[in-house]
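Quick note on labels: first sequence line is chain A, next is B, and so on, each numbered from 1.
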2 protein chains.
Amino acid sequence: MSGQIAVSGSHCHFRPHQFLAREDEQPEAIFQIDEGWACRYRLLSDGRRQITGLFLPGDICEPHWALGTRPTQPIVALTNVRATCLPCSTHGGLARESERACWKNLTEMIERQANWLVTLGRKTALERLAHLLLELFERMRASGLSYGQQCAMPLTQMEIADMTGLTPVHVNRTLQAMRSRGLVELQSKWLRIPDLAALRDVAGLSSRQTIA
Amino acid sequence: MSGQIAVSGSHCHFRPHQFLAREDEQPEAIFQIDEGWACRYRLLSDGRRQITGLFLPGDICEPHWALGTRPTQPIVALTNVRATCLPCSTHGGLARESERACWKNLTEMIERQANWLVTLGRKTALERLAHLLLELFERMRASGLSYGQQCAMPLTQMEIADMTGLTPVHVNRTLQAMRSRGLVELQSKWLRIPDLAALRDVAGLSSRQTIA
DNA sequence: CGCACCGTTGATATTAATCAATTTGGGTGG
DNA sequence: CCACCCAAATTGATTAATATCAACGGTGCG
């Protein structure tokens, strides 16, 4: 939970539960994840937690920090994480090409968040889990980290619950239902999706809709 | 529902239910709302609807369109709307100062959306409504459109339901509970918040947390 | 070997959705 | 001004989805 950030050159790594950023603390760098998963979340006073964003390999954590904005939510490693530090001057110093990348990154984030608003606001447990697993797979695939129909899936059911706004118990039961319907295979941190289209259908995502 | 966009100079206006933008159609301009309310939403195949963003006076609708991104969600007027058209060249043509404004706008949107992810994922009907009414009031106040403790609130209970991920019936009952507890006064499209701090408390928002 | 953490199960409680009227209120045309 | 109309708000009864509470089993690791 505590401990030093291990820096080697412009790289650093984090252990599970270690913070990449804390609320209100100006980060000294912007991280691009090379390996591992991290998330940003918010905690309510009574302990309820909602994960509001997931960072997978290739992702730049919070590009708008480059403009001097400070994190309003903590970012924490879910697994071991290797990251590259993109140093940023105190206000708005990023190369012109990175700027373009940041725009793209931000608009994708808005798009993904909007999709999750729909899912959390209007969808059932089954649809939420389908959405999550699809998004994970498609994002992993997009960064070349899928193998056929499968990819790594290091999240615990507790973390899945905090992403989908459900309880761990209900996540467990719903996953069982999905498994028994042959929608997904999920065991020992590994996800396999036998029929993407079927899962997409269950998730209630329009065929055009971007997930990754 | 249909009809022409009324343009006069670089201004235009829309009637309730008229589209400011449709899915997948490249907009010919980016709109800054001068008066009235609009929203963006997504519709599920079975008719469920989730509003994913609200545009109030002063807001720039979707700044990232300026970069050639196309709308992935429709934007529709909730009331009569007057707007200024900020024309944009086919790809990425906005003045340098507007660019800064767009960044700010985008990061605010991400922040607001993240807050709503928490609310939709983890909060009760009462907390959701408190969040919504607070946000509305604070945003209206921020643009000088509040009068003491009150401001306009043109949304129907149906629209409130589509923002908060509830049913209209449940919104109705929860609002009654809030009224009877003296948390809000809400009638004939007008909102009054007798005690901001109390409502903030009910909404379960950290005191630091930005709403507007 | 034992301690954690994770996944699983069963029983019950709550919240919110659903279904079906009924009432209210603002606008419109006669 | 009044009658009418339609959308919005309200109410009541019931059901469905999910949370909560409390164990229990498995597994990796020090």
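- A straight line from CD of Q187(A) to P of dC6(C) spans 19 Å, rounded to a whole angstrom.
- Summarising the geometry of E127(B) relative to R122(B), their closest heavy-atom pair is OE1-O, 4.4 Å, with the distance given to 0.1 Å.
- Atom-to-atom, CZ of R128(B) to P of dA16(C) comes out at 7 Å; the value is rounded to the nearest Å.
- Here the closest non-hydrogen pair linking L145(A) and C151(A) is O-CB, 4.0 Å.
- The salt bridge (charged side-chain N to carboxylate O under 4.0 Å, His left out) check on E35(B) picks up R82(B), with sequence neighbours excluded.
- Annotation for Q50(A) and G165(A): closest pair OE1-CA, 3.7 Å, computed over non-hydrogen atoms.
- Distance NE2 (H170(A)) to C1' (dT9(C)): 15 Å, rounded to an integer number of Å.
- In the set dG10(C), dA16(C), dC19(C), dG10(C) carries the atom at the smallest distance from any side-chain atom of R173(A).
- If you measure from atom CG of N172(A) to atom P of dC6(C), you get 13 Å, rounded to the nearest angstrom.
- Minimum heavy-atom separation, V202(B) to R181(B): CG2-NH2, 3.9 Å.
- Comparing M158(A) and R122(A) by the nucleotide of DNA chain C that holds the closest heavy atom to each, the one mapping nearer the 5' end is M158(A).
- Nucleotide dT18(C) holds its P atom 11 Å from the CG atom of L166(B), rounded to whole Å.
- Atom C1' of nucleotide dA17(C) and atom CZ of R49(B) are separated by 18 Å, given to the nearest angstrom.
- Helix-axis bend for the helix from dC1(C)-dG30(D) to dG30(C)-dC1(D): the local axis fitted to the five terminal pairs at one end deviates from that at the other end by 40°, rounded to 10°.
- Distance Q157(B) CD to dA16(C) C1': 16 Å, rounded to the nearest Å.
- No donor-acceptor pair closer than 3.5 Å links the side chain of E111(B) to the backbone N or O of E108(B).
- Across all strands, K189(A) comes closer than 4.0 Å only to sugar-phosphate atoms, never to a base (heavy-atom distances).
- Taking every heavy atom of both residues into account, R40(A) and A114(B) meet most closely at NH1-CB, 3.9 Å.
- Close approach of DNA chain D to chain A, defined as any atom under 4.0 Å from a non-hydrogen atom of the protein, starts and stops at dT18(D) to dC21(D).
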